[in-house]
Participant: 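Encoded as structure tokens, here's the structure I'll be asking about.
This one's a predicted model, so the numbers in the text were calculated from it and none came from an experiment. Throughout, a chain's letter reflects where its sequence line sits, starting with A, and its residues are numbered from 1.
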4 protein chains.
Amino acid sequence: MNKVILAGRLTRDPEVRYTQSGKAVASFTVAVDRRFGRKNADNNQPTADFIPVVVWEKLAEICGNNLIKGSQVLVEGRLQVRTYDAQDGSKRYVTEVVANEVEFMGSRPQREGGFQQGGFAQGAPAPAAPADNSFGPAIPDEDIPF
Amino acid sequence: MNKVILAGRLTRDPEVRYTQSGKAVASFTVAVDRRFGRKNADNNQPTADFIPVVVWEKLAEICGNNLIKGSQVLVEGRLQVRTYDAQDGSKRYVTEVVANEVEFMGSRPQREGGFQQGGFAQGAPAPAAPADNSFGPAIPDEDIPF
Amino acid sequence: MNKVILAGRLTRDPEVRYTQSGKAVASFTVAVDRRFGRKNADNNQPTADFIPVVVWEKLAEICGNNLIKGSQVLVEGRLQVRTYDAQDGSKRYVTEVVANEVEFMGSRPQREGGFQQGGFAQGAPAPAAPADNSFGPAIPDEDIPF
Amino acid sequence: MNKVILAGRLTRDPEVRYTQSGKAVASFTVAVDRRFGRKNADNNQPTADFIPVVVWEKLAEICGNNLIKGSQVLVEGRLQVRTYDAQDGSKRYVTEVVANEVEFMGSRPQREGGFQQGGFAQGAPAPAAPADNSFGPAIPDEDIPF
DNA sequence: TTTT
DNA sequence: TTTT
């Protein structure tokens, strides 16, 4: 068992890319507020954890089409550590949550254009082209977790 | 909510260190086998995820005293991304699971000296001195998650 | 490990009772919508699961003071099966989630009087008197899960 | 989200039944030990929770073929409350975990005949006929959760 | 780099 | 760097 459950808000709009074979991949970071009391606020500690999340295929497109900066989500997935070689020859690690479920929670930030009222992530059209993967190196086409 | 649940085996004996104020910290990596079918075995993909885990205080000592390479564990905790400055001035990220519960599961590897048959992690004496933190930079003394 | 995580909405206002020794107990039911597709809507199947939740002590009072029918919550707890003897002498089972954490999620139903904007369940005054436990027999005073 | 994760041992051999349309259903109870300290042992409280679990189709057959009384399992599923009318006309509730994943954990009880060493639940032949559903009324044929 |  |  390798299970992660996060509830929080997107720090930015999701970034949707496509692999060479055409699979959609969405990346975003979820800010999870720490419970009051877990850390003393007065000693300059962070008050949130920022967790990189990656979503594949249909769910990626749904997230790209329905989530924006500030959106509240409930994410279920697994922890994955990818490894890659940095330019200086050293080995680097990228840890992220590969989500297999993203629920859209209540209070959603406003923006021009109508978003759906919330609900589960499913069914949606397909957007367009690539971008840069902000969480590390290129994601290989085969790297589909489920 | 920021919750992680892992079931797997230690890739090495746990490493126990102490902060300046005397708090114990144990670090180990849990190998979580991927379900057959999640990845095709034939395309050179990894068959396990290797997840760094950090444990504090009493639970750290219990882990240090009862777990060894190969021990089967069920870990519950939260995902934490620490940030630090590398020697070359760049910013690096260390992601780990901060465990608040470690259950010892069944089949445990043999070793000289008697280990307990299993059970929950609790109650235990205290070992001794530091070492190096294999997962990143020094863990500050205040960084206690609960 | 005995862990339950639910995201849903209260079907009614929470009911707060007190044990003889004065401990608060809140009871409510969480309606968890099933994912579209898990069940075909067209064969008269329910579209939600209704899960009884029980909360103790300080958290019970916070829930009583901040949640109402329709409130969206994220509940973490454990499953508990209590047993009791029915009037006809037969043995009955009551299964409920004993929550140790209740997060208040976004979109909250309106009602006269100001409720807080959301956040984690903690810190709050104490309400008053008993009522009837809608999920089964009297909860014994000692039955505190944590 | 409606998620349950249990680690424990079967109190009896699984019971495998078949619906009219031929779908396999396995039922068993998982005993989950409570953490020491969660309950004082000295006040006659139970030291374990006994949770009814239901498994469908292929996974049901795998469980029927590989698990026995005492088997250690890690179960992931969802909580379901079924309702039915008792003979006396009153309404009764049956709560159970509908498992979608069952991992076989380490130390497994011995019995004549070779069982596999453990691993994930998948792939297996099919056993035979019905029996009585020990956890409540007949499970309708359509009631397949995934 | 960070959300409300 | 990896466990069974």
Side-chain angles (χ1 to χ4, degrees), chain A residues 1-2 6-15 27-36 46-53 67-75 81 83 85 90-93 104-111 132-136, chain B residues 1-2 6-15 27-36 46-53 67-75 81-83 85 90-93 104-111 132 134-136, chain C residues 103-108 116-120, chain D residues 103-108 116-120:
Chain A
M1 172 165 297
N2 176 343
L6 305 173
R9 314 189 90 102
L10 298 225
T11 62
R12 308 189 52 176
D13 292 2
E15 197 175 329
S27 306
F28 51 86
T29 293
V30 175
V32 183
D33 287 327
R34 292 188 175 180
R35 262 210 312 305
F36 176 82
T47 62
D49 291 295
F50 298 94
I51 314 290
V53 174
L67 298 176
I68 61 176
K69 178 179 179 178
S71 293
Q72 196 175 190
V73 289
L74 183 50
V75 171
V81 182
T83 179
D85 300 300
S90 68
K91 191 164 239 138
R92 296 287 174 73
Y93 299 92
F104 306 155
M105 305 299 294
S107 79
R108 196 170 28 65
Q110 294 303 124
R111 194 155 72 177
D132 220 44
N133 180 0
S134 54
F135 297 132
Chain B
M1 172 164 299
N2 176 342
L6 305 173
R9 314 189 91 104
L10 298 224
T11 62
R12 307 190 51 176
D13 291 2
E15 197 175 327
S27 306
F28 51 87
T29 293
V30 175
V32 184
D33 287 327
R34 292 188 175 181
R35 261 211 312 306
F36 176 81
T47 61
D49 291 295
F50 298 94
I51 314 291
V53 174
L67 298 177
I68 61 175
K69 177 178 179 179
S71 293
Q72 196 174 189
V73 289
L74 183 50
V75 170
V81 182
R82 285 185 295 130
T83 180
D85 301 299
S90 68
K91 192 164 239 141
R92 297 286 173 73
Y93 299 91
F104 307 156
M105 306 297 295
S107 80
R108 195 170 30 64
Q110 294 304 123
R111 195 155 71 175
D132 219 44
S134 54
F135 296 133
Chain C
E103 283 187 37
F104 308 154
M105 305 299 294
S107 80
R108 196 169 29 66
Q116 70 181 63
Q117 250 302 95
F120 295 98
Chain D
E103 284 187 37
F104 307 155
M105 306 298 295
S107 79
R108 194 172 29 67
Q116 69 179 65
Q117 250 301 95
F120 296 98

Participant: Just compare E/dT3, F/dT3, E/dT1 and give me whichever is closest to any side-chain atom of B/Ala31.
Facilitator: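 Within the option list, the nearest is F/dT3.
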
Participant: Considering only F/dT3, E/dT1, E/dT3, which nucleotide approaches the side chain of B/Lys69 most closely?
Facilitator: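 Among the listed nucleotides, the one closest to the side chain of B/Lys69 is F/dT3.
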
Participant: When you measure from the side chain of B/Asp13 to the backbone N and O of B/Lys69, does any donor-acceptor pair fall under 3.5 Å?
Facilitator: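 Pair found, side chain donor or acceptor close to backbone of B/Lys69.
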
Participant: Tell me which nucleotide among E/dT3, F/dT2, F/dT4 gets nearest to the side chain of A/Thr47.
Facilitator: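 So the nucleotide nearest the side chain must be E/dT3.
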
Participant: Taking the six-membered ring for Trp, does A/Phe50 stack with E/dT3 (centroid gap under 5.5 Å, planes within less than 30°)?
Facilitator: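 So A/Phe50 does not count as stacking on the base.
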
Participant: Nearest-Å distance, NZ (B/Lys91) to C1' (E/dT2)?
Facilitator: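 Between C1' of E/dT2 and NZ of B/Lys91: 11 Å.
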
Participant: Between F/dT1, F/dT4, E/dT1, which nucleotide has the shortest distance from any of its atoms to the side chain of B/Arg12?
Facilitator: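 Nucleotide nearest to B/Arg12's side chain: F/dT1.
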
Participant: Of all the choices, F/dT3, E/dT4, E/dT1, which nucleotide is nearest to the side chain of B/Thr11 once you look at every atom?
Facilitator: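 Between F/dT3, E/dT4, E/dT1, the one nearest the side chain of B/Thr11 would be F/dT3.
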
Participant: In whole angstrom, what separates A/Asp33's CG from E/dT2's C1'?
Facilitator: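 Distance, rounded to whole Å: 12 Å.
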
Participant: Between B/Asp85 and B/Arg92, is the closest basic N to carboxylate O distance under 4.0 Å?
Facilitator: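 B/Asp85 and B/Arg92: not salt-bridged.
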
Participant: For A/Asn2, run the side chain to side chain contact (heavy atoms under 4.5 Å, CB included) check against B/Val30, B/Asp33, B/Val32 and tell me which one passes.
Facilitator: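 That would be B/Val32.
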
Participant: Holding to salt bridge (charged side-chain N to carboxylate O under 4.0 Å, His left out), I want the full list of residues that pass it with B/Arg12, two or more places apart in sequence or in another chain.
Facilitator: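 Residues passing salt bridge (charged side-chain N to carboxylate O under 4.0 Å, His left out) with B/Arg12: none at all.
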
Participant: What is the distance, to the nearest angstrom, from the CG atom on A/Leu6 to the P atom on E/dT3?
Facilitator: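 One finds 17 Å between P of E/dT3 and CG of A/Leu6, rounded.
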
Participant: Just the rounded figure in Å: distance from P of F/dT4 to CG of A/Asn2.
Facilitator: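 The answer, rounded to whole Å, is 19 Å.
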
Participant: Roughly how many Å is it from CG in B/Leu67 to P in F/dT4, rounded to a whole number?
Facilitator: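 Those two atoms, CG and P, are 14 Å apart.
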
Participant: Taking atom P of F/dT3 as reference, at what distance in whole Å does atom CG of B/Asp49 sit?
Facilitator: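 Rounding to the nearest Å, CG of B/Asp49 and P of F/dT3 are 15 Å apart.
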
Participant: Given 3.5 Å as the limit, does a donor-acceptor pair link the side chain of A/Gln72 with the main chain of A/Phe104, or not?
Facilitator: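 No: the side chain of A/Gln72 does not pair with the backbone of A/Phe104.
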
Participant: Round to a whole Å and report the spacing from CZ of B/Phe28 to C1' of F/dT4.
Facilitator: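 To the nearest whole Å, that distance equals 17 Å.
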
Participant: May I have the distance from B/Arg9 (atom CZ) to F/dT1 (atom P), rounded to whole angstrom?
Facilitator: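 Those two atoms, CZ and P, are 23 Å apart.
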
